[in-house]
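Below: one structure, written as structure tokens.
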Amino acid sequence: MKAWILDRPAAITQRPLVLTELPRPNLAEDELLLRVHACGICRTDLHVVEGELTVRRSPLIPGHQIVGRVAAVGSRVEGFGIGDRVGVAWLNRTCGVCEFCKTGRENLCESAAFTGWTVDGGYAEYAVAPAAFTYHLPESFDDIQAAPLLCAGIIGYRCLRLTGFSLGEWKGARLGLYGFGAAGHVCIQLARARGADVYVCTRDRERHQALARELGATWVGDAMEEPAVKLDASIIFAPAGELVPVALKAIRKGGTVVLGGIHMSPIPSFDYSLIYGERVVRSVANNTREDGREFLQEAARIPVRSHTQTFPFDQANEALIALKNDSIRGAGVLIVV
Ligand SMILES: [Zn+2]
Ligand SMILES: [Zn+2]
């Protein structure tokens, strides 16, 4: 099979991913072999390729928003057949026995595997994944539409949950979004469908601010700009620590600022008064399978429409360069077949 591999992290402008011919991966008894059709591009891929996340496997095939069809089924797998259309996300496998796994917090598992970081991912013609961590995909999303839902979508969903609002509290709530890439543009659709007013702060005028307006943002401004009203909660998707005090300044007492990324530049120190008043800052780490299933159902019901920019399979480095330059409108997707 053809696969993109990362031997050693480097700046994306040096094009560190190399297209290689590899044998198809071997299938374990609890796994599925997938013919990959599309793989979403995520900022985490960029963090892996550029070495902001530590190297956990080398060489590595990146990519953790995999849409494909089942090409072979492991001997102990139930509930999947050849030809089923499925998705694989970032959480690849958990131990099932640590204190986090046993208390419904498998996203925090002590020895989890992650697709496209600790195990090979979907920038390839074939991939394997544990059946228990593979999702059946709603028919209403085609392959390209479905890809960005598998990380950008699921993580955005978990961020909304960690704002602490119950479903009944969303109507009329003021939600801030900092950064408006793949996750932001899905998240706003969920928040709007739940009845929230969404305030979007992002530095890219041409694509991100325009898309935010199109998707019904109540207010759109620059990344560091403060809306005229106090917000009830905010989510920071941009990997920029300097936004934390900015977001804290814009929320009301008791409000939560959720940090949605896996990596962030250092957070500058700030006056205690910014967090006083029982304001909360919390991060989001990975997702549970329940998040994934619940999100896919809600997304199909709304229905969420992902705005995508596709890249041919041989343009993996270029796709990540575009992501780095904020020049993707919505979500980037690598078309494998
Ligand atoms: Zn565990
Ligand atoms: Zn991701």
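All values below were derived from every heavy atom in this structure, side-chain atoms included, with hydrogens, water molecules and symmetry-related copies excluded. Ligands are counted one by one from 1 in listed order, and the atoms in each one are counted from 1 as well.
- A salt bridge links R85 and D143; the closest N-O separation between the charged side-chain nitrogens and carboxylate oxygens is under 4.0 Å.
- To the nearest 10 degrees, the angle centred on the Zn ion (ligand 2) between SG in C42 and NE2 in H64 reads 110°.
- Looking only at protein N/O/S atoms, the ones less than 2.8 Å from the Zn ion (ligand 1) make 4 in total.
- Residue pairs meeting the ring pair (Phe, Tyr, Trp, His ring centres under 6.0 Å) criterion with at least one partner in residues 134-156, sequence neighbours excluded, are F80-H136.
- At a threshold of 4.0 Å, the pair E206-R329 does not count as salt-bridged, since none of the basic side-chain nitrogens sits closer than that to a carboxylate oxygen.
- Smallest separation of non-hydrogen atoms from T115 and I66: CG2-CD1, 3.9 Å.
- Applying the ring pair (Phe, Tyr, Trp, His ring centres under 6.0 Å) rule to H64 yields the partners W90; only residues at least two apart in sequence or on another chain are considered.
- Annotation: ring pair (Phe, Tyr, Trp, His ring centres under 6.0 Å) contacts involving residues 236-267, sequence neighbours excluded, comprise H47-H263.
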